[in-house]
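Working notes, beginning with the structure itself.
A quick note: this is a predicted structure, and the numbers were derived from the prediction, not measured.
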Amino acid sequence: MNYGKFAYVYDRLMEDVSYEKWLAFLIGQKKKYLVEGSRVLDLACGTGELSVMLAGEGFSVVGVDLSEDMLMAAREKADREKADVSFFLQDMRELEGLGKFDLAAVFCDSLNYLGSEDEVRETFSRIHRHLDSNGLFLFDVHSVRQIEEEFANKTFTLNDEDISYIWNSFPGESPFSVEHELSFFVQDEITGLYERFDELHQQRTYPLPEYEQMLIEAGFTILEVTADFTDNPPDADSSRIFFTCKINKEKRKVS
């Protein structure tokens, strides 16, 4: 996936996304499970919107992303907002050397961009190594229903004055996967002409029991599984599944 040009229109496309809900979820789980520290690892941080919001709430934030362009936009945003955030160019599948954190988060279905179970397992393992023994690991993923019924074989469009897109989604080759083909048309501020660029984004999810098994294998205890920014457990109509996990201390001692 090439996020080069995409990074520069990302925030425009995410204007209707309520980052406040992810922020509230993290703060709520921190209070609920009595996490005392304030060190947050924001993985797949993109253009840093949530990282900056977390810093504004007094958290000590490290943002990580695999796109240099995304991180450049994030750094500019943090500087503009005078937010104290450290950003690192890393792939969460190869996460290393960042120390220990009280909270680690992978939000906005970013985990669904991993292409295989092995990549998910490795990511869970890397996060485990970076989490304090009393910390929390929080993430959300698309439900199987969301992938198969709300994305596959659907077309989405946007037609604003200076930016438009056509977004076609098709079933992927792997089970519970989807390919998003996006064509963007962005107006140049100087010439007024429109430039087209294309993106292919691939996402994959898994049934709930498979996520649970991978988390347990990585050394986590699952505290909660909820859906769609509520306190309710997932059901057949859920779109976004949230996990709250902690380190299994007994397994850590054995290993």
Side-chain angles (χ1 to χ4, degrees), residues 1-33 35-92 95-113 127 130-132 135-140 158 160-163 165 182 184 186-190 197 199 201 229 240 242 244:
M1 183 193 321
N2 176 13
Y3 273 115
K5 295 180 180 178
F6 184 60
Y8 298 102
V9 298
Y10 182 82
D11 283 341
R12 281 289 306 279
L13 302 177
M14 299 290 281
E15 283 179 344
D16 294 332
V17 173
S18 180
Y19 288 98
E20 289 82 2
K21 290 183 178 180
W22 278 291
L23 178 66
F25 175 73
L26 183 146
I27 292 174
Q29 297 304 85
K30 179 183 187 298
K31 292 179 179 178
K32 182 174 184 177
Y33 291 102
V35 177
E36 295 182 359
S38 61
R39 298 162 297 173
V40 179
L41 179 60
D42 183 14
L43 291 162
C45 67
T47 60
E49 188 72 21
L50 183 61
S51 295
V52 169
M53 293 172 68
L54 286 163
E57 294 291 329
F59 289 95
S60 175
V61 186
V62 169
V64 173
D65 203 275
L66 54 70
S67 166
E68 186 172 359
D69 292 289
M70 287 283 192
L71 290 178
M72 287 176 60
R75 182 72 271 159
E76 291 174 3
K77 185 179 297 181
D79 290 345
R80 185 169 61 249
E81 299 295 328
K82 295 181 172 55
D84 186 10
V85 182
S86 298
F87 292 106
F88 291 90
L89 180 66
Q90 286 197 27
D91 188 325
M92 59 184 170
L95 194 68
E96 62 180 359
L98 298 178
K100 298 288 187 178
F101 295 86
D102 303 297
L103 298 126
V106 188
F107 287 147
C108 201
D109 53 81
S110 296
L111 200 76
N112 292 132
Y113 283 93
I127 292 170
H130 284 79
L131 198 62
D132 184 82
L136 293 180
F137 173 32
L138 310 171
F139 68 96
D140 66 77
L158 173 73
D160 282 349
E161 183 175 342
D162 59 343
I163 181 172
Y165 69 69
L182 300 102
F184 294 92
V186 181
Q187 187 178 38
D188 186 277
E189 294 181 356
I190 298 175
F197 64 92
E199 293 276 339
H201 291 211
F229 295 104
R240 188 179 295 275
F242 287 78
T244 301

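- Lys100 contributes no side-chain N or O that, together with a main-chain N or O of His130, makes up a donor-acceptor pair within less than 3.5 Å.
- For the pair Gln90 (side chain) and Glu96 (backbone), a donor-acceptor distance under 3.5 Å is present.
- The side-chain hydrogen bond (donor to acceptor under 3.5 Å, both in side chains) check on Arg240 picks up Asp109, Asp140, with sequence neighbours excluded.
- Between Leu131 atom CG and Leu103 atom CG the span is 7.5 Å, to the nearest 0.5 Å.
- A donor-acceptor pair is defined here as one N or O able to donate and one able to accept, closer than 3.5 Å; no such pair exists between the side chain of Asp132 and the backbone of Phe101.
- Qualifying side-chain hydrogen bond (donor to acceptor under 3.5 Å, both in side chains) partners for Asp84, counting only residues two or more places apart in sequence or in other chains: none.
- Partners of Lys32 under the side-chain hydrogen bond (donor to acceptor under 3.5 Å, both in side chains) rule, at least two apart in sequence or in another chain, are Glu224.
- Of all heavy-atom pairs between Val61 and Ala55, the closest is CG2-N, 3.7 Å.
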Under the side chain to side chain contact (heavy atoms under 4.5 Å, CB included) criterion, do Val106 and Met92 qualify, and how do the steps go? CA-CA 9 Å; Val106 188; Met92 59 184 170; 4.0 Å; yes
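- No donor-acceptor pair under 3.5 Å is formed between the side chain of Arg39 and the backbone N or O of Gly99.
- Considering CG of Asp65 and CE of Met70, their distance stands at 6.5 Å, rounded to 0.5 Å.
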Verdict with reasoning, Leu41 to Asp102, per side chain to side chain contact (heavy atoms under 4.5 Å, CB included): CA-CA 8 Å; Leu41 179 60; Asp102 303 297; over 6 Å; no
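- For the pair Asp162/Val186, no side-chain contact is recorded, criterion being any heavy-atom separation below 4.5 Å from C-beta on.
- Rounding to the nearest 0.5 Å places NZ of Lys77 at 3.0 Å from OG1 of Thr47.
- The shortest non-hydrogen separation linking Asp42 to Ser51 is OD2-OG, 2.6 Å.
- With values rounded to the nearest 0.5 angstrom, Leu71 atom CG is found 7.0 Å from Phe87 atom CZ.
- Taking both residues in full, the closest heavy atoms of Ala104 and Ile127 are given as CB-CG2, 3.8 Å, listed atom of the first, atom of the second, then distance.
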Run the side chain to side chain contact (heavy atoms under 4.5 Å, CB included) check on Val40 and Val62 step by step: do they pass? CA-CA 6 Å; Val40 179; Val62 169; over 6 Å; no
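- Aromatic ring orientation, Phe197 versus Phe184: parallel (interplanar angle below 30°, classes split at 30° and 60°).
- In this structure, CG on Leu54 lies 4.0 Å from CG on Leu50, to the nearest 0.5 angstrom.
- When each of Phe25, Trp22, Tyr19 is paired with Phe229, the ring-ring contact (aromatic ring centres under 6.0 Å, His included) condition holds for Trp22 and for no other.
- Rounding to the nearest 0.5 Å places OG of Ser86 at 7.0 Å from CZ of Arg75.
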Pair Met53, Glu20 - check side chain to side chain contact (heavy atoms under 4.5 Å, CB included), show working. CA-CA 8 Å; Met53 293 172 68; Glu20 289 82 2; 3.8 Å; yes
